[in-house]
Q: 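Pasting in a structure now, in C-alpha cells, and then I'll have a few things to ask.
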Amino acid sequence: MVRLENLSKAFRGRPALTGLSLEIQRGEIFGLLGHNGAGKSTTFGLMLGHLHPDGGEAFIAGHSVQRDRARAISRVGAIFETPAFYEYMSGWHNLRFFVSLSGLVPDERLMEAVKLVRLEKRIHDPVRAYSHGMRQRLALAQALLPDPEFILLDEPTEGLDPEGIQEMREMIRHLRDERGLTVMLSSHLLSEVELLCDRVAILHQGRLIFCGSWKSGEPQWRLDLDDWAKAAPVLERVGAVSGGKNLVSLRAGGDMADVVAALVQAGVRVRAVEPVKATLEDFYMGHILP
Amino acid sequence: MSLFLRQLAGELRKLFARKRTFIGFGAFLVFEIVVLFLLRLEKVQGTVRRVIENAGYDASVYLSGLTLGFLIVMWTVFLLEALFLALVAGDVVSKEVEDGSMRMMLCRPVSRGRILLLKGLVAALYTFALTLFVMLTALLAGFLNSGVGGLFVFAPLEGVFAFYDFWPGLLRYLAAVPLLSLSLFTITALAFCLSCFNMKPSAATVITLSILFADTILKNIPYFESLKGLFLTHKMAGWIHVFDYRIPWEMMVENYAWLLAINATLFLIGWQSFERRDFKS
C-alpha cells in the first residue's frame with residue numbers, strides 16, 4: 001500500500017529525515033514512533049506532498065506522491081494533531097468545503113460520516129463552539145470522505161480525555177476490521193500504539209532505527225533465585241538464556257516448569273517465577289537509550 | 001466544471017462568512033455618510049458651486065447626486081479601498097497557512113495551482129463586489145442628498161474637466177465600475193502575490209500598502225514628471241479618463257494592458273513561490 005524509498009529532508013541545512021525506507025501492507029495498522037523532532041511529521045508531510053523531499057520518493061497505492069500527487073493521495077485521508085477548521089463556519093460547511101476538493105460527494109454520504117463519528121446533533125453549530133474531542137471527530141469524518149483506503153493519523157489522541165482516547169482507538173480498529181482501511185499513525189502514547197499497531201517504526205534523530213513487529217521476541221520470565229552463579233550452568237543445560245536483570249528467556253518449545261525442576265534438583269532455591277509481559281515502552285526505550 | 005464551481009462556491013462562502021470581509025463595506029458606508037455630511041456644509045458647497053459656475057454651468061443642475069457620488073469615489077477609493085483590498089487579499093493565502101487549514105486543503109487530491117486559481121478568482125470577485133458596492137452606495141447617498149441632475153467631473157491631476165447631462169453622465173459613471181475594479185485589482189494582485197510567500201498576513205498587507213504609497217509619493221515628486229507614465233498608480237488612475245469628452249482609447253488600452261500584464265506576472269510569481277513552498281506544522 002505504501003512504500004517509502006530513501007526519503008530525505010533537511011530544513012535550512014539541518015537534516016530532519018535521512019534515508020527513510022519502509023513499506024506498509026494493505027490492511028495494516030502501522031505506528032510511527034519517535035521523540036519530538038524525530039521526523040514523524042516530516043514523514044507525513046512528505047507522504048502528503050506538503051513537503052518537497054531533498055531525495056527519495058514516496059509511493060501510495062503504486063503512485064509516486066512526488067510525480068503524481070493527485071492520483072497518489074486520491075484515496076488518502078489525514079488527521080493532524082490540531083485539526084485546523086474554519087472556526088466561523090459550521091462543521092457541516094467545513095466538511096462540504098474540504099470534501100469538495102476531492103470530488104462531488106452527495107450530502108447523504110457526508111451525513112453517513114457525520115453519524116459514524118456521532119456528531120449529527122452538533123454538525124450545524126459553528127466549529128468555534130466545538131470541544132477538542134468534537135474537532136477530532138470532525139477531523140476523522142473529513143478524513144473518511146469520500147472513500148479512503150489509507151489514513152494517516154498524526155497524534156490522533158493528542159489532547160483527548162480517556163473516554164475520547166478509547167473512542168478513537170475503537171474507531172481506528174473498526175476502520176481496519178470493518179472497512180479494510182490501512183492506517184498509519186504517530187503517537188506519543190505508547191500504550192495506545194501498543195494496543196493498536198501490528199508493526200512499528202522507530203525514528204531517532206531523523207533516522208529509522210527499527211521497523212517491524214516489536215512483539216517478535218521470545219517470552220521472558222523473571223526469576224528470584226538465591227544463587228545465580230550456581231544456576232547459570234543449569235540454565236544453559238536446559239536451553240534457557242539469561243538476559244540479565246534476573247530475566248530469562250526460553251527457546252521455542254521450552255517449558256518453564258522443566259527449568260524450575262532442573263534448578264531445584266541442582267540445589268538452587270527458586271523463590272519466585274513471574275512471566276514478564278514485554279511492553280512497547282520497554283522496547284522503545286531499549287532502542288532509544290544508548 | 002460543476003466541481004470547480006462547487007469549489008469556488010466553497011471559497012466564496014469562506015470569504016463571506018468572515019466578519020472581517022465586511023469591514024470594508026461597513027467602513028465605506030460610514031465614510032460616505034461623513035463625506036456627505038461635510039459636502040452639505042455651506043462653505044464646502046460654495047466652493048464646488050463656484051467651480052461649476054466659473055465654468056459657465058448652472059450649479060443647481062450639476063451639484064447633483066451623480067456629482068457627489070463621483071466626488072466620494074474619486075477622493076476615497078484609492079486610499080480606503082486599497083487598504084481593505086490589501087487586508088483581505090493579503091490574508092487569502094497566508095492566513096490559511098498560518099492557521100493550518102492550508103495543510104488540510106493540501107491533504108486533498110487537488111493541485112496547488114488550482115487552489116491558487118480559486119483563491120485568485122475569489123479575490124477578484126471581492127475586488128469587483130467592493131468597488132461596485134462603493135460606487136452604487138456613493139451614488140445612492142448622492143441621490144438621497146442632492147437628487148437627480150447632471151454630472152460634473154473635475155480631476156485636476158488627470159486633466160479631466162467635464163459636464164454631462166444625467167443619462168450620459170450615469171452611463172459613464174457605470175462604465176467606470178469595471179475599469180476602476182480592474183485598476184484596483186492591481187492592489188489585490190500585489191497583496192495576493194505577497195501572501196503566497198512565507199510571511200505573516202499582516203506583512204503582506206503592510207508591504208502592499210507601502211509599495212502603493214511609495215509609488216504615489218514618487219509619482220507626485222515634480223522632478224519625476226517625465227517618468228509619470230511608468231508609475232503603477234498613474235496607470236491605475238486610467239479609469240478617470242472614461243469621463244473625458246473624447247475618451248483616449250489608445251492610452252487607456254495601453255494602461256490596462258500594462259495592468260493586466262502586471263497582474264498576470266504577480267499571479268505567476270505568487271504561484272511559483274506557492275508551488276515551491278514546504279508546508280509544515
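Not measured: the values here are computed from a predicted model. Atoms considered below: every heavy atom in the structure, side chains included; atoms not considered: hydrogens, waters and symmetry mates. Naming convention: chains lettered A, B, ... in sequence-line order (proteins, then strands); numbering from 1 in each chain.
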Q: For the interface with chain A, which of B:Glu11, B:Arg277, B:Lys14 has the highest count of heavy-atom pairs at distances below 4.5 Å?
A: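 Option with the top pair count is B:Lys14.
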
Q: Does the side chain to side chain contact (heavy atoms under 4.5 Å, CB included) test come out yes or no for A:Phe85 and B:Met104, once each step is laid out?
A: CA-CA 8 Å; A:Phe85 290 106; B:Met104 300 265 289; 3.5 Å; yes

Q: For the interface with chain A, which of B:Gly10, B:Ser101, B:Gly100 has the highest count of heavy-atom pairs at distances below 4.5 Å?
A: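 Counting heavy-atom pairs under 4.5 Å, the top option is B:Ser101.
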
Q: For the CG atom of B:Asp99 and the OG1 atom of A:Thr82, what is their distance to the nearest 0.5 Å?
A: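 So the gap between those two atoms works out to 10.5 Å.
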
Q: Mark yes when over 12 heavy atoms from residues, nucleotides or ligands other than A:Arg207 sit less than 6.0 Å from its CZ; otherwise mark no.
A: no

Q: Would you compute the distance between atom CG of B:Asp278 and atom OG1 of A:Thr42 and round it to the nearest 0.5 angstrom?
A: 9.5 Å

Q: Check whether NZ of the Lys or CZ of the Arg B:Lys280 lies under 6.0 Å from the centre of the six-membered ring of A:Phe11 and within 45 degrees of that ring's axis.
A: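 Yes, B:Lys280 and A:Phe11 form such a contact.
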
Q: Looking at B:Ser111, B:Pro109, B:Ala9, which makes the most heavy-atom pairs under 4.5 Å with chain A?
A: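 That would be B:Pro109.
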
Q: Could you give the distance from OG (A:Ser100) to CE (B:Met105), rounded to the nearest 0.5 Å?
A: 8.0 Å

Q: Could you look at A:Phe44 and say if it's the side chain, the backbone, both or neither that has a heavy atom under 4.5 Å from chain B?
A: neither

Q: If you draw a 6.0 Å radius around CZ in B:Phe37, do more than 12 non-hydrogen atoms from other residues or ligands fall strictly inside?
A: no

Q: Flag the one option from A:Arg69, A:Lys9, A:Met89 with the top tally of heavy-atom pairs under 4.5 Å to chain B.
A: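 So the answer, after comparing A:Arg69, A:Lys9, A:Met89, is A:Arg69.
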
Q: Given the options A:Leu48, A:Leu101, A:Leu51, which has more heavy-atom pairs under 4.5 Å with chain B than any of the others?
A: A:Leu101

Q: Would you say the side-chain atoms of A:His93 and B:Arg13 include a donor-acceptor pair closer than 3.5 Å?
A: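 A pair is found: one side chain offers a donor N or O, the other an acceptor, under 3.5 Å apart.
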
Q: For atom CZ of A:Arg71, is the number of surrounding heavy atoms from other residues, nucleotides or ligands below 6.0 Å larger than 12?
A: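 No, not enclosed.
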
Q: Please classify the contact of A:Glu87 with chain B as side chain, backbone, both or neither, using a heavy-atom distance under 4.5 Å.
A: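 Neither; nothing under 4.5 Å.
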
Q: Name the region of B:Glu96, side chain, backbone, both or neither, that has any atom closer than 4.5 Å to a heavy atom of chain A.
A: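 Interface part for B:Glu96: side chain.
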
Q: Give a yes or no on whether the backbone of A:Phe98 and the side-chain of B:Arg108 come within a donor-acceptor separation of less than 3.5 Å.
A: yes

Q: Could you tell me which non-hydrogen atom of B:Leu3 sits nearest to which non-hydrogen atom of A:Leu104, and how far apart they are?
A: CD1-N, 3.8 Å

Q: For the residue pair B:Cys107 and A:His50, establish whether any side-chain heavy-atom pair is separated by less than 4.5 Å.
A: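 Touching, per the 4.5 Å side-chain cut-off.
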
Q: Is a donor on one side and an acceptor on the other found under 3.5 Å between the side chain of B:Arg6 and the backbone of A:Gly103?
A: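 No; zero donor-acceptor contacts below 3.5 Å.
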
Q: Less than 4.5 Å to any heavy atom of chain B: does that hold for the side chain of A:Val65, its backbone, both, or neither?
A: neither

Q: For the candidates A:Gly49, A:Ala72, A:Ala70, which exhibits the highest count of non-hydrogen atom pairs separated by less than 4.5 Å from chain B?
A: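 The candidate making the most pairs under 4.5 Å is A:Ala70.
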
Q: With a 4.5 angstrom heavy-atom cut-off, could you sort out which part of A:Pro146 is near chain B: side chain, backbone, both or neither?
A: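 Both parts, backbone and side chain.
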
Q: For chain A, which of B:Arg114, B:Lys19, B:Arg276, B:Met102 has the most heavy-atom pairs under 4.5 Å?
A: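 Looking at each option in turn, the highest pair count goes to B:Arg276.
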
Q: Heavy-atom distance under 4.5 Å to chain A: side chain of B:Glu98, backbone, both or neither?
A: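 Answer is neither: B:Glu98 stays 4.5 Å or more from chain A.
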
Q: Chain A heavy atoms under 4.5 Å from B:Arg112: which part of the residue, side chain, backbone, both or neither?
A: side chain

Q: Return the option, out of A:Ala78, A:Ala143, A:Ser102, A:Pro83, with the maximum number of heavy-atom pairs under 4.5 Å with chain B.
A: A:Ser102

